[in-house]
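Only heavy atoms go into these numbers, but all of them, side chains included; no hydrogens, no water, no symmetry mates. In the text below, chain A, chain B and the rest are named by the order of the sequence lines, each starting its count at 1.
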There are 2 protein chains.
Amino acid sequence: MKKISIKDIASKAGVSVSTVSFVLNNKAKEMRISDEKVQIVKKIAAEAGYKPNLLAKSLRTGKTKTIGLMIDDISNNFFASIAKVIELEAKKLGYKVFYCSTENDPVRAKEILQLLEDAHVDGFIITPTEKLQTEIKRLLQINKKVVLLDRYFPDINATCIMVDSYKGAYDATSLLLKKGYKTIALVSNDLHMIQMQQRENGYRDALKAMKIKYDQKLVTRLHYIGGEEEDMVDRLVDFFERCPDADAVFFLNNSLGIVGLKALRKLEYKIGKDIAVISFDDNLVFALNTPAISVVSQPIQDIGTQAVELLIRSIEEGKSLPGKTILKSGKVIVRESF
Amino acid sequence: MKKISIKDIASKAGVSVSTVSFVLNNKAKEMRISDEKVQIVKKIAAEAGYKPNLLAKSLRTGKTKTIGLMIDDISNNFFASIAKVIELEAKKLGYKVFYCSTENDPVRAKEILQLLEDAHVDGFIITPTEKLQTEIKRLLQINKKVVLLDRYFPDINATCIMVDSYKGAYDATSLLLKKGYKTIALVSNDLHMIQMQQRENGYRDALKAMKIKYDQKLVTRLHYIGGEEEDMVDRLVDFFERCPDADAVFFLNNSLGIVGLKALRKLEYKIGKDIAVISFDDNLVFALNTPAISVVSQPIQDIGTQAVELLIRSIEEGKSLPGKTILKSGKVIVRESF
DNA sequence: CTGAAAGCGCTTACAG
DNA sequence: CTGAAAGCGCTTACAG
């Protein structure tokens with residue numbers, strides 16, 4: 001019942017541990033081990049149900065065949081989906097992934113990065129929180145492989161894969177405009193992440209293209225409060241009451257959209273009649289809402305797959321990462337909310 | 001920039017590696033190391049930013065201070081919430097947790113268990129899939145620490161923490177009955193997990209207590225198909241068409257509830273008017289639906305906390321786990337769906 | 001009070 | 001073609 005080691009196999013097979021190691025790592029031909037020994041070692045290993053001790057292997061080789069994935073919040077559909085894609089893709093390439101959520105807390109984010117580093121992951125896939133530049137720079141400096149997701153820092157030459165936020169927001173806003181809505185409220189948060197800014201820019205430029213002037217009063221940046229959703233709902237209710245002439249609203253991510261739905265319900269607005277609604281990011285809640293909410297959906301499969309491929313190729317072939325941002329197009333899905 | 005080791009510190013401090021090890025593991029007094037040496041070692045370690053190599057530590061001690069958490073589906077709110085609780089609780093006690101989802105696939109579940117074992121986790125928290133008895137028995141036999149969540153196998157003496165499914169279903173059904181609904185449809189799945197059976201029993205006994213006879217035609221056990229939700233919706237539509245006199249429906253978990261909402265929408269049933277609805281497990285979709293759906297909510301915090309505590313106590317103190325099922329009460333939350 | 005040494009389970013030059 | 005040995009970075013009896 002005890003775990004058996006390479007040494008046990010060696011003695012049973014009457015060969016040295018080196019021979020066993022070579023055979024078990026498929027280096028038999030390379031090392032020109034005789035067929036006879038190969039057979040006997042393989043047989044004994046199989047019979048004994050030998051499993052290499054990964055801890056020992058990693059300690060020796062310096063590789064763990066794992067990648068660390070840090071995301072915002074695993075209970076958020078967008079991140080859960082992307083985590084799933086990444087795990088699957090990594091598995092295909094022989095890697096395990098450890099995932100951790102930051103809950104948007106920079107302190108926790110730093111801890112997690114430390115944890116992952118302590119666990120000797122071979123590479124990192126990270127959706128950064130605010131104020132994480134220093135940590136990421138440090139990782140890059142000690143030559144760790146890092147791919148960023150969903151957002152980047154303009155002042156770091158990291159590789160980042162994300163949806164084209166500007167274009168997505170531009171398209172969503174344009175569509176609303178084309179449908180005849182003129183007074184479009186915009187709901188963002190105060191987290192100061194670059195992709196939110198780009199979404200705001202997309203909105204602004206879409207207005208400009210239609211010669212509609214940007215109205216500060218129609219834009220709010222909700223103070224993000226971890227967990228305390230009720231407060232956010234109330235603030236949003238206030239906001240809507242301050243601009244009663246808004247005939248449409250654009251929520252800049254799915255958390256905001258969900259909070260927004262609650263606020264609109266509280267106000268007893270009829271979505272699609274009193275106000276048109278669209279949100280960045282798709283979510284089950286949006287698809288199931290009555291009426292179903294239109295969204296800008298992210299190419300999750302695409303983003304996840306490429307992140308893993310770039311990272312692992314870099315780990316295995318020592319290739320350096322591109323070090324720049326790669327944009328993927330989102331897709332506007334029109335449902336019943338306008 | 002290179003990682004520094006205990007040996008580096010020893011030579012800088014002019015002491016042996018043993019001394020360094022003792023100091024850094026707070027065994028200085030125990031080993032009666034002189035204060036002077038303690039100071040110098042601590043100082044040098046701090047300055048160098050020394051971080052022990054956990055791989056080496058684990059290889060040597062046989063402990064990794066990690067626990068493996070295997071759940072059904074991380075994108076399912078119930079499991080995501082419980083994962084969060086467990087991670088937090090474990091951290092308090094100095095443990096990391098690795099989480100993996102099975103997607104209800106027994107093959108994948110076995111792989112994951114193997115993965116976790118390979119990673120040398122100190123203990124397991126598992127929501128088992130079908131056909132996992134053998135694996136769990138094996139784990140128990142080689143003396144691994146295991147806590148089951150949400151469901152158990154009647155033929156194994158494992159420790160399991162779960163909601164009182166019978167009571168939750170009994171209460172929900174009774175409430176419906178008390179409100180005057182007499183023809184209550186029941187929607188389960190065909191996964192044959194014990195907790196679903198208990199929920200069915202709760203339903204059946206609540207009917208019996210009110211002298212209402214159990215009608216086979218009102219009960220369906222949807223064939224579970226990973227991913228292919230559309231099919232399940234269609235089957236459910238068929239089911240509802242086959243029992244047009246149902247004035248209420250009880251979905252036995254949140255996935256079923258979500259599929260059910262889609263089916264009812266397709267049928268254009270007015271929830272709360274044409275049919276009363278309640279579901280086991282709470283979910284954002286239920287709270288946000290129009291009208292909001294009543295649920296039997298699970299004591300997630302409670303379940304997660306106790307699972308971690310029992311497990312870690314068993315790991316550290318070598319205490320054996322209770323080896324039986326611990327039931328926690330759920331709570332009926334009444335909203336607008338009846 | 002402290003150090004030298006063995007050993008956790010592996011891999012990989014090196015020598016023959 | 002194959003084995004003996006060093007070493008990855010730790011911990012922990014053991015000896016003094």
For B:Glu47, side-chain hydrogen bond (donor to acceptor under 3.5 Å, both in side chains) partners two or more places apart | none
So, with a heavy-atom separation below 4.0 Å from DNA chain C, the residues of residues 55-65 of chain A are A:Ala56, A:Lys57, A:Arg60, A:Thr61
Output all residues satisfying ring pair (Phe, Tyr, Trp, His ring centres under 6.0 Å) with A:Phe98, sequence neighbours left out; order by chain, then residue number.
-> B:Phe98
Pairwise ring-ring contact (aromatic ring centres under 6.0 Å, His included) hits with a residue in residues 41-93 of chain B, at least two apart = none
Of all of residues 31-50 of chain B, which get a heavy atom below 4.0 angstrom from DNA chain C, listed by number?
-> B:Met31, B:Arg32, B:Ile33, B:Ser34, B:Lys37
Set of residues satisfying ring pair (Phe, Tyr, Trp, His ring centres under 6.0 Å) with respect to B:Tyr99, sequence neighbours excluded | A:Tyr99
Contacts of A:Gln114 that satisfy side-chain hydrogen bond (donor to acceptor under 3.5 Å, both in side chains) - sequence neighbours left out | none
Contacts to DNA chain C from residues 17-29 of chain A, heavy-atom cutoff under 4.0 Å, which residues?
-> A:Ser18, A:Ser21, A:Phe22, A:Asn25, A:Lys27
Please name all residues satisfying side-chain contact (heavy atoms from CB on, under 4.5 Å) with B:Thr129, sequence neighbours left out, ordered by chain then number.
-> B:Thr102, B:Asn104, B:Pro106, B:Ala109, B:Leu132
Can you give the donor-acceptor pairs under 3.5 Å from side chains of residues 118-126 of chain A to other protein atoms, not counting sequence neighbours?
from	atom 1	to	atom 2	distance (Å)
A:His120	NE2	A:Asp118	O	3.4
A:His120	NE2	B:Asn53	OD1	3.4
A:Asp122	OD1	A:Thr64	N	3.0
A:Asp122	OD1	A:Thr64	OG1	3.3
A:Asp122	OD2	A:Thr64	N	3.3
A:Asp122	OD2	A:Lys65	N	2.6

Under the side chain to side chain donor-acceptor pair (under 3.5 Å) rule, what pairs show up with a residue in residues 31-43 of chain B, not counting sequence neighbours?
-> none
Consecutive-pair stems (at least three Watson-Crick or G-U pairs, under 3.5 Å) that include DNA chain D | C:1-3 with D:14-16, C:5-12 with D:5-12, C:14-16 with D:1-3
